[in-house]
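These numbers come from a predicted model, not from an experiment.
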Amino acid sequence: MKKVRPRIAFLREKAGLTQLELSRLVGVTESTIQNWESGRTGTEQIERIIKFCKALNCQVEDLIDSEDESPQEAAVKPGSLKDIHNILGTDEPSSTTNTNSENSQKRRVNH
């Protein structure tokens, strides 16, 4: 029997996400992501989904009808890594924002 290794960690790192960020996007706990990445759990389900897709000659997205998706759910689908960080609230403040804030504080102190 062929031993399968999950590629979740590789794909997550390639996307620039932490385990916590991915867990929030997927809707599971961080420990679930850790278990999936290590192969302790989840690989059987992934293998079954792959078999479904091969047998039906389809993509994973084709297996579920998402017509009932609410407008709110559609609105939060990220289009970029920046969108993901914005949704999660993990984006870094820009240096211009800090500079403007620091300048305002300096002006108040000098007056």
Linking I/L/V/M/F/W/Y whenever any side-chain heavy atoms sit under 4.5 Å apart, do Ile50 and Leu56 land together?
-> no
Which is it for Val26 and Thr32 under the side chain to side chain contact (heavy atoms under 4.5 Å, CB included) test, yes or no, and what are the steps along the way?
-> CA-CA 10 Å; Val26 175; Thr32 298; over 6 Å; no
Applied to residues 7-16, the side chain to side chain donor-acceptor pair (under 3.5 Å) test, sequence neighbours excluded, yields Arg12-Glu37
Which heavy atom of Cys53 sits nearest a heavy atom of Gln59, and at what distance?
-> SG-C, 3.8 Å
Rounded to the nearest 0.5 Å, how far does OG1 of Thr43 lie from CH2 of Trp36?
-> 11.5 Å
Please round to the nearest 0.5 Å and tell me the distance separating atom CD1 of Ile8 and atom CD of Gln19.
-> 10.5 Å
Might you confirm whether atom CD of Gln45 has over 12 heavy atoms from other residues, nucleotides or ligands at distances under 6.0 Å?
-> yes
Connected via hydrophobic side-chain network under 4.5 Å: Ile46 and Val60 | no
Between Ser38 and Pro6, the two heavy atoms sitting closest are C-CG, 4.4 Å
If you group Ile, Leu, Val, Met, Phe, Trp and Tyr whenever their side-chain heavy atoms sit less than 4.5 Å apart, what else falls in with Leu11?
-> Phe10
Rounded distance [0.5 Å steps], OG in Ser23 versus CG in Leu17 | 10.0 Å
Distance, nearest 0.5 Å, that separates CD of Gln34 from CG of Leu20 = 10.0 Å
Just jot down the side-chain hydrogen bond (donor to acceptor under 3.5 Å, both in side chains) partners of Asp62, sequence neighbours excluded, or say none.
-> none
Compare every heavy atom of Cys58 with every heavy atom of Leu63, then report the nearest pair and how far apart it is.
-> CD2-SG, 3.8 Å
